[in-house]
Amino acid sequence: MRFVRSFTRADDLPHVHAEIALVGRSNVGKSSLINALAQRKSLARTSKSPGATRLLNAFEVGRADSGRWLMDLPGYGFAKVPRAEQQRWAEMLNTYIAERENLVSILLLIDSEIGPTALDLQTRQWLEHLNRQICFVATKTDKVRPSKSKKRRVDLAEKLGVEKPEITWVSANKGTGIAELRTRISDLLEIRG
């Protein structure tokens, strides 16, 4: 995986073969997940404060010039940025997700320690309304105590209204589930070999 470039507007994106977008709250761990998937420490910029991702960041998956991208989008939620900036992000995301023709799937990231928030559930409804394919990814599984893991998995699946196997459980910190998610992304983007 390699960084391609950042875009300020969805309309500026070139046509590529296929894309998958990472969508989630501002501190769900999108950038850390990209780094884990790429097996590189600082491919995507991480930050302790929510809202570090402010642009549409394109990462190429597979061989160079494959035209298969993983898109890191600004997070929703409580990033401490001015209201005008939040509005700009919302418009950029809406345009990208609603209109991007080669967007094959959305990886909706949910913090496994917190579970789906009202904003996560609202985002899911919006994505379903747009007829976007959603793959659920529970992040930060290393933060859930082993004694509570089984119950957390059942609760999270029930709140999302899906079966447990429909959720990929990952920890960017420990590497848990990363190989499985990498395979799922390759399958969605139809990367073989």
Side-chain angles (χ1 to χ4, degrees), residues 1 18-41 43-44 46 53 57-62 66 68-77 93 97 100 102-128 130-193:
M1 186 181 305
E19 290 172 0
I20 294 175
L22 292 177
V23 174
R25 289 186 320 120
S26 292
N27 68 338
V28 76
K30 293 188 305 304
S31 297
S32 295
L33 183 60
I34 288 170
N35 290 335
L37 288 167
Q39 298 176 310
R40 293 174 59 186
K41 289 188 178 183
L43 179 63
T46 60
T53 302
N57 297 310
F59 297 86
E60 189 145 43
V61 180
S66 69
R68 288 165 170 83
W69 287 4
L70 183 65
M71 297 295 296
D72 183 17
L73 309 183
Y76 52 83
L93 293 176
I97 291 173
R100 190 72 171 153
N102 55 347
L103 179 59
V104 297
S105 187
I106 305 287
L107 298 184
L108 182 54
L109 277 53
I110 309 290
D111 187 318
S112 65
E113 186 179 26
I114 297 169
T117 65
L119 271 174
D120 292 326
L121 297 175
Q122 182 181 0
T123 301
R124 181 214 176 147
Q125 288 178 334
W126 174 62
L127 294 170
E128 287 175 341
L130 294 173
N131 292 318
R132 289 299 187 184
Q133 178 186 17
I134 304 169
C135 296
F136 297 100
V137 179
T139 62
K140 304 181 183 181
T141 59
D142 57 301
K143 305 268 186 196
V144 179
R145 288 189 209 148
S147 61
K148 295 188 177 187
S149 179
K150 188 174 182 180
K151 183 176 181 344
R152 170 59 64 199
R153 288 173 185 247
V154 170
D155 289 348
L156 200 141
E158 284 178 0
K159 287 178 182 172
L160 289 173
V162 298
E163 298 295 318
K164 284 191 297 183
E166 293 179 51
I167 303 169
T168 304
W169 296 80
V170 300
S171 166
N173 252 1
K174 304 280 186 189
T176 309
I178 297 299
E180 178 187 346
L181 183 58
R182 199 178 289 125
T183 298
R184 191 169 192 184
I185 289 168
S186 292
D187 289 346
L188 289 167
L189 292 174
E190 298 178 7
I191 297 173
R192 305 286 183 247

Report the distance from atom [atom1] of [X] to atom [atom2] of [Y], rounding to the nearest 0.5 Å.
{"X": "Asn173", "Y": "Ser32", "atom1": "CG", "atom2": "OG", "answer": "7.5 Å"}
{"X": "Lys140", "Y": "Leu33", "atom1": "NZ", "atom2": "CG", "answer": "11.5 Å"}
{"X": "Met71", "Y": "Leu107", "atom1": "CE", "atom2": "CG", "answer": "13.0 Å"}
{"X": "Asp72", "Y": "Ser31", "atom1": "CG", "atom2": "OG", "answer": "4.5 Å"}
{"X": "Glu60", "Y": "Glu19", "atom1": "CD", "atom2": "CD", "answer": "10.5 Å"}
{"X": "Phe59", "Y": "Ile20", "atom1": "CZ", "atom2": "CD1", "answer": "14.0 Å"}

Return the set of residues passing side chain to side chain contact (heavy atoms under 4.5 Å, CB included) with [X] (not counting sequence neighbours), or none when no residue passes.
{"X": "Gln122", "answer": "Leu119"}
{"X": "Lys159", "answer": "Pro116"}
{"X": "Gln39", "answer": "Arg182"}
{"X": "Gln125", "answer": "none"}

Using the test side chain to side chain donor-acceptor pair (under 3.5 Å), find all partners of [X] that sit at least two apart in sequence or belong to another chain.
{"X": "Ser171", "answer": "Asp142"}
{"X": "Thr176", "answer": "none"}
{"X": "Thr168", "answer": "Arg184"}
{"X": "Arg132", "answer": "none"}

(request) Would you please name every residue forming a salt bridge (charged side-chain N to carboxylate O under 4.0 Å, His left out) with Glu128, sequence neighbours left out? (result) Arg124

(request) Only one of Ile114, Ile110, Thr123 passes side-chain contact (heavy atoms from CB on, under 4.5 Å) with Arg25; say which it is. (result) Ile114

(request) Scan Asn35, Thr139, Leu109, Val137 and name whichever one has a side-chain contact (heavy atoms from CB on, under 4.5 Å) with Lys30. (result) Leu109

What closest approach, in Å, do [X] and [Y] show between heavy atoms, and which atom pair accounts for it?
{"X": "Ala21", "Y": "Leu73", "answer": "CB-CD1, 3.9 Å"}
{"X": "Val170", "Y": "Gly177", "answer": "CG1-O, 3.6 Å"}
{"X": "Ala157", "Y": "Ile167", "answer": "CA-CD1, 3.8 Å"}
{"X": "Leu43", "Y": "Ala38", "answer": "CD2-CB, 3.5 Å"}
{"X": "Thr141", "Y": "Trp169", "answer": "CG2-CE3, 3.6 Å"}

(message) Looking only at the side chains, is there a donor atom on one of Thr117 and Asp120 sitting less than 3.5 Å from an acceptor on the other?
(response) yes

(message) Under the criterion side chain to side chain contact (heavy atoms under 4.5 Å, CB included), I'd like the reasoning laid out for Leu37 against Leu70: C-alpha separation, chi angles, the key distance, then a yes or no.
(response) CA-CA 11 Å; Leu37 288 167; Leu70 183 65; 4.1 Å; yes

(request) Please assess Ile97 against Val23 for the test side chain to side chain contact (heavy atoms under 4.5 Å, CB included), listing each intermediate value before the final yes or no. (result) CA-CA 10 Å; Ile97 291 173; Val23 174; 4.1 Å; yes

(message) Looking at Val28, is its backbone amide N or carbonyl O close enough to the side chain of Asp111 to form a donor-acceptor pair, meaning the two atoms are under 3.5 Å apart?
(response) no

(request) For Arg68 and Ser66, indicate whether the former's side chain and the latter's backbone hold a donor-acceptor pair under 3.5 Å. (result) yes

